[in-house]
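Everything on this sheet refers to the single structure shown next.
Sequential numbering from 1 along the given sequence is applied to the chain's residues.
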Amino acid sequence: MSISGTSAFYSNTPEETVAFGQQLGASFVPGDLVLLVGELGAGKTQLVKGIASALGVSEPITSPTFNLMLEHVGHPDQGNDDILLRHFDLYRLEHPEELEDIDYFGLLEAGDAVSVVEWADRFPDCLPERFIEVRIEWIDERTREISVWRRS
């Protein structure tokens, strides 16, 4: 899946959200930053499960709410080198200064991983210049609209 402009996908089940994450994640390379926006329970972690699967991560993916950041090593099928997935969850942070405590900016700038950030919209003044935003919104009690756009 190539990302240009804005595109949207509709999901009615967690499995469909994971499948969309797999399609999306297939195009990611180290240095990509993916910001996930959506209310609690919208499916952000399900999307990360799909991204991780596309990157060849075999271990279970859970929300890093209490750890703030988890690293996973993927082994893509194409015979490429291993790929690192950094999964951040900023839900518990209250102040932008706390991003420094977890070396958030240093890890993003390293460019050695695909970084996925849940609750990235908590600190809008701390967004980098380049990122891919994935916004998950409930349309009704069953359907989510997942919109994707790239800011370059």
Side-chain angles (χ1 to χ4, degrees), residues 1-74 76 83-96 98-99 101-105 107-108 110 112-152:
M1 159 179 269
S2 128
I3 305 166
S4 58
T6 302
S7 58
F9 174 80
Y10 295 90
S11 171
N12 293 305
T13 66
E15 295 78 17
E16 288 179 357
T17 303
V18 170
F20 181 70
Q22 289 173 318
Q23 289 180 330
L24 196 59
S27 67
F28 293 157
V29 296
D32 282 343
L33 170 60
V34 183
L35 306 180
L36 304 181
V37 178
E39 64 186 63
L40 197 60
K44 295 180 296 295
T45 302
Q46 296 300 317
L47 193 80
V48 178
K49 287 178 181 181
I51 292 169
S53 174
L55 297 177
V57 174
S58 59
E59 63 191 281
I61 300 297
T62 59
S63 181
T65 300
F66 295 102
N67 297 341
L68 303 177
M69 193 271 296
L70 295 173
E71 289 186 341
H72 305 279
V73 177
I83 190 164
L84 184 61
L85 170 65
R86 285 199 183 98
H87 182 192
F88 294 87
D89 187 324
L90 307 184
Y91 182 75
R92 292 183 55 227
L93 299 184
E94 296 182 15
H95 307 285
E98 293 173 291
L99 295 170
D101 294 340
I102 62 170
D103 195 25
Y104 178 74
F105 301 107
L107 291 171
L108 295 183
D112 62 343
V114 172
S115 296
V116 180
V117 184
E118 296 191 38
W119 300 98
D121 56 328
R122 291 183 57 86
F123 304 105
D125 294 336
C126 297
L127 296 178
E129 291 183 24
R130 285 187 41 226
F131 58 84
I132 299 160
E133 180 180 295
V134 180
R135 184 172 296 271
I136 305 173
E137 298 177 307
W138 289 101
I139 300 298
D140 57 38
E141 64 229 22
R142 183 174 172 209
T143 307
R144 297 164 189 86
E145 178 181 59
I146 306 172
S147 56
V148 181
W149 66 279
R150 181 181 296 269
R151 177 177 160 187
S152 303

Shortest non-hydrogen contact from [X] to [Y]?
X    : Y    : result
L35  : L127 : CD1-CD2, 3.5 Å
I102 : L90  : CD1-CD2, 4.4 Å
I139 : E145 : CD1-CB, 3.6 Å
D32  : S27  : OD2-O, 4.1 Å
S53  : Q22  : OG-NE2, 2.9 Å
D112 : P30  : C-CB, 3.9 Å

How long is the span from the [atom1] atom in [X] to the [atom2] atom in [Y], to the nearest 0.5 Å?
X   : Y    : atom1 : atom2 : value
L33 : S115 : CG    : OG    : 6.0 Å
E71 : L107 : CD    : CG    : 7.0 Å
T17 : Q46  : OG1   : CD    : 7.0 Å
H72 : R86  : NE2   : CZ    : 11.5 Å

Backbone N/O of [Y] and side chain of [X]: donor-acceptor pair under 3.5 Å:
X    : Y    : value
N67  : L70  : no
Q23  : A19  : no
K44  : E39  : yes
R151 : E129 : yes
R144 : A42  : yes

Checklist entry - Taking it one step at a time, do V148 and I132 satisfy side chain to side chain contact (heavy atoms under 4.5 Å, CB included)? => result CA-CA 7 Å; V148 181; I132 299 160; 3.9 Å; yes

Is any side-chain heavy atom of [X] closer than 4.5 Å to a side-chain heavy atom of [Y]?
X    : Y    : value
V73  : V57  : no
T143 : W138 : no
F123 : Y104 : no
V18  : L47  : no
L85  : F28  : no

Item to check | side chain to side chain contact (heavy atoms under 4.5 Å, CB included) assessment of L99 paired with C126 | outcome: CA-CA 9 Å; L99 295 170; C126 297; 3.9 Å; yes

Next on the checklist: If you count every heavy atom of other residues, nucleotides or ligands that lies below 6.0 Å from Y91 atom OH, does the total exceed 12?
Outcome noted: no

Checklist entry - Are more than 12 heavy atoms from other residues, nucleotides or ligands located less than 6.0 Å from atom CZ of R130? => result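 Not buried by this count: 12 neighbours or fewer within 6.0 Å.
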
Checklist entry - Checking side chain to side chain contact (heavy atoms under 4.5 Å, CB included) for the pair L36/W119: CA distance, chi angles, key distance, verdict? => result CA-CA 6 Å; L36 304 181; W119 300 98; over 6 Å; no

Item to check | NZ/NE/NH1/NH2 to OD/OE distance under 4.0 Å, D121 and R135 | outcome: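 Between R135 and D121 there is no salt bridge, as every charged N stays at least 4.0 Å from the carboxylate O atoms.
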
Checklist entry - Any side-chain donor paired with an acceptor under 3.5 Å for E118 and H87? => result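 H87 and E118 do have a side-chain donor-acceptor pair below 3.5 Å.
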
Item to check | Full working for side chain to side chain contact (heavy atoms under 4.5 Å, CB included) between Y10 and I146 | outcome: CA-CA 6 Å; Y10 295 90; I146 306 172; over 6 Å; no

